[in-house]
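Shown next, in structure tokens, is the structure this report addresses.
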Amino acid sequence: MKKIFALLVLAVALLSSCTNKKSNKFVLGLDDSFPPLGFRDSENKIVGYDIDLADEVCKRMGVKLVCQPIDWAAKEMELNTGKIDCIWNGFTMTEERVEAMSFTRPYLDNAQVVVVRSSSDIKTLADLKGKKVGVQAESSAVDAMNDSPDFTNSLKEVIEFKENITALNDLEIGQIDAVVMDQVVANYTIKTSGKPLAILNESLANEEYGIAFRKTQPELRDKVQSILDEMEADGTVAKISEKWFGTNLSVIGRK
């Protein structure tokens with residue numbers, strides 16, 4: 001039965017892949033509440049740094065970009081069954097993920113940091129002993145906490161949220177004491193929202209973002225990587241980075 005199910009999943013993935021290619025679409029899977037990489041603006045349009053990069057890549061490939069919001073907890077299943085062509089949304093490259101999927105080279109650096117209320121007396125990781133900490137389910141922040149057992153075991157409770165935004169809202173009103181999340185997202189959210197939040201100086205883990213494709217589609221990954229290299233060389237990536245971060249944070253071609 002397991003073998004039959006696996007064959008059916010593979011058949012669906014191949015069929016979907018062929019369908020997308022024939023329809024001239026590039027389907028990007030994302031968590032649409034992950035600013036500034038991919039999120040909805042005031043008009044409910046999906047925008048962001050990753051979206052601008054992908055849009056330019058698609059123009060140069062001659063295909064239409066389709067942004068497909070997905071359940072982040074089921075992201076690998078969404079990819080493997082062919083519902084999406086890639087996961088491109090501040091996706092951290094871990095050993096486990098690199099083994100399971102086909103990644104581009106890193107395009108952004110990141111870190112897992114701890115966000116607290118500005119008025120909080122929490123200044124270090126040690127100050128979180130006995131506190132309640134929020135984290136997005138099935139995220140690399142969870143991996144970072146699992147890789148820091150002494151820190152995680154010192155906490156009173158770890159509460160998982162579907163989205164970082166919900167976790168930050170609960171932090172702001174005092175339902176939890178801190179949130180572990182991506183530094184890129186934390187910096188942007190605090191800067192643009194004006195929320196009374198701060199980031200601790202200590203981080204849990206340093207990371208790299210990559211774009212993930214199915215193992216069966218290395219040629220698509222290589223094509224996207226090639227175009228990103230071109231965009232880096234001609235200054236397009238720098239312009240997009242300046243737009244969203246105020247500086248060029250790209251590491252394309254440097255790793």
Side-chain angles (χ1 to χ4, degrees), residues 25-61 63-73 75 78-79 83-93 97 103-113 115 136-141 161-169 179 181-195 197 199 207-213 221 224-225 227-228 231-232 235-252:
K25 294 178 181 178
F26 181 85
V27 185
L28 180 155
L30 79 159
D31 166 8
D32 61 355
S33 60
F34 204 70
L37 302 173
F39 64 105
R40 293 187 182 274
D41 63 13
S42 58
E43 298 178 352
N44 205 37
K45 180 182 177 182
I46 297 177
V47 298
Y49 176 71
D50 285 353
I51 307 306
D52 282 357
L53 286 180
D55 188 52
E56 181 61 25
V57 166
C58 286
K59 287 178 181 176
R60 298 189 186 197
M61 286 176 62
V63 298
K64 179 182 178 182
L65 174 63
V66 177
C67 295
Q68 178 61 57
I70 58 174
D71 179 353
W72 199 247
K75 53 191 174 294
E78 301 269 16
L79 179 64
K83 184 176 180 180
I84 57 177
D85 292 316
C86 71
I87 302 171
W88 191 341
N89 188 216
F91 195 31
T92 299
M93 302 171 68
R97 289 172 177 173
F103 272 89
T104 61
R105 294 191 296 275
Y107 68 96
L108 271 182
D109 284 337
N110 182 51
Q112 290 301 323
V113 297
V115 180
Q136 183 181 27
E138 298 295 325
S139 68
S140 54
F161 294 82
K162 185 175 181 180
E163 303 168 343
N164 281 314
I165 291 176
T166 306
L168 290 174
N169 287 339
V179 176
M181 62 186 295
D182 293 62
Q183 183 179 46
V184 170
V185 180
N187 282 333
Y188 183 85
T189 302
I190 293 172
K191 179 180 178 180
T192 58
S193 70
K195 291 180 180 294
L197 304 174
I199 300 173
E207 302 174 341
E208 296 172 331
Y209 286 155
I211 307 159
F213 298 83
R221 175 206 61 194
V224 170
Q225 181 67 65
I227 295 175
L228 284 174
M231 290 166 55
E232 177 69 26
T236 302
V237 173
K239 290 179 181 178
I240 295 173
S241 185
E242 288 279 353
K243 171 185 174 181
W244 290 103
F245 304 117
T247 187
N248 185 12
L249 298 182
S250 170
V251 298
I252 296 173

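What you see below is based on every heavy atom in this structure, not just the backbone, and it leaves out hydrogens, waters and symmetry mates. By convention here, the first residue in the shown sequence is residue 1.
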First locate atom [atom1] of [X], then atom [atom2] of [Y], and finally report the distance between them rounded to the nearest 0.5 Å.
X	Y	atom1	atom2	answer
Trp88	Leu30	CH2	CG	12.0 Å
Cys86	Asp50	SG	CG	9.5 Å
Cys67	Arg40	SG	CZ	9.0 Å
Leu37	Leu108	CG	CG	6.5 Å
Phe34	Tyr49	CZ	OH	14.0 Å
Met61	Glu56	CE	CD	12.5 Å

Legend entry - Any residue meeting salt bridge (Lys or Arg N to Asp or Glu O under 4.0 Å) with Arg97, in chain and number order, not counting sequence neighbours: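 So Arg97 forms no salt bridge (Lys or Arg N to Asp or Glu O under 4.0 Å) with any residue.
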Inset, instruction - Output all residues satisfying salt bridge (Lys or Arg N to Asp or Glu O under 4.0 Å) with Lys191, sequence neighbours left out; order by chain, then residue number. - result: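 Partners of Lys191 by the salt bridge (Lys or Arg N to Asp or Glu O under 4.0 Å) criterion come out as none, since no residue qualifies.
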Below 4.5 Å, heavy atoms only, C-beta onward: do [X] and [Y] meet side chain to side chain?
X	Y	result
Gln68	Ile70	yes
Ser193	Tyr188	no
Lys243	Asp52	yes
Asp182	Thr92	yes
Val57	Leu228	yes
Lys25	Leu65	no
Phe161	Val179	no
Arg60	Thr236	yes

Inset, instruction - Report the C-alpha separation of Val27 and Lys83 in whole Å, then their side-chain angles, then the decisive distance to 0.1 Å, and conclude whether the side-chain contact (heavy atoms from CB on, under 4.5 Å) test is met. - result: CA-CA 8 Å; Val27 185; Lys83 184 176 180 180; over 6 Å; no
Legend entry - Tyr107 and Tyr209 aromatic ring geometry - parallel, tilted or perpendicular at 30°/60° bounds: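 Rings of Tyr209 and Tyr107: tilted, 30 to 60°.
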Legend entry - Between Asn110 and Glu207, a side-chain donor and acceptor under 3.5 Å: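 Judged by distance alone, the side chains do pair up.
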Legend entry - Polar contact flag, side-chain donor to acceptor under 3.5 angstrom, Glu242-Thr247: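 No, no side-chain donor-acceptor pair sits under 3.5 Å.
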Search all heavy atoms of [X] against all heavy atoms of [Y] and return the closest pair with its distance.
X	Y	value
Ala54	Leu28	CB-CD1, 3.4 Å
Pro35	Thr189	CG-OG1, 3.8 Å
Trp72	Ser139	NE1-CA, 4.4 Å
Asn164	Gln136	ND2-OE1, 3.5 Å
Pro36	Val184	CD-O, 3.8 Å
Gly48	Phe39	CA-CE2, 4.1 Å

Inset, instruction - Might you work through the salt bridge (charged side-chain N to carboxylate O under 4.0 Å, His left out) test for Lys59 and Asp55, ending with a clear yes or no? - result: CA-CA 6 Å; Lys59 287 178 181 176; Asp55 188 52; 3.5 Å; yes
Inset, instruction - Applying side-chain contact (heavy atoms from CB on, under 4.5 Å), run through Val251 and Glu208 and close with a yes or a no. - result: CA-CA 9 Å; Val251 298; Glu208 296 172 331; over 6 Å; no
Inset, instruction - Assess the pair Phe91 and Phe103: is the distance between their ring centroids shorter than 6.0 Å? - result: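 Yes, they do, as the ring centres are separated by less than 6.0 Å.
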Inset, instruction - For the pair Asp31 (side chain) and Ser33 (backbone), establish whether a donor and an acceptor sit closer than 3.5 Å, ignoring hydrogens and angles. - result: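 Here the side-chain-to-backbone pair exists.
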Inset, instruction - Please confirm whether the backbone N or O of Ile211 pairs with a side-chain atom of Thr104, one donor and one acceptor, at under 3.5 Å? - result: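 Indeed, once roles are kept as given, a pair shorter than 3.5 Å links the two residues.
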Legend entry - side-chain contact (heavy atoms from CB on, under 4.5 Å) evaluation trace for Ser140 with Gln112: CA-CA 8 Å; Ser140 54; Gln112 290 301 323; 3.0 Å; yes
Inset, instruction - Start with the C-alpha gap between Asn248 and Lys239, add the side-chain angles, then the distance that decides, and say whether side-chain contact (heavy atoms from CB on, under 4.5 Å) holds. - result: CA-CA 8 Å; Asn248 185 12; Lys239 290 179 181 178; over 6 Å; no
Inset, instruction - Please determine which of Ile46, Asn89, Ile84 meets the side-chain contact (heavy atoms from CB on, under 4.5 Å) test together with Pro69. - result: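 Only match with Pro69 under side-chain contact (heavy atoms from CB on, under 4.5 Å): Ile46.
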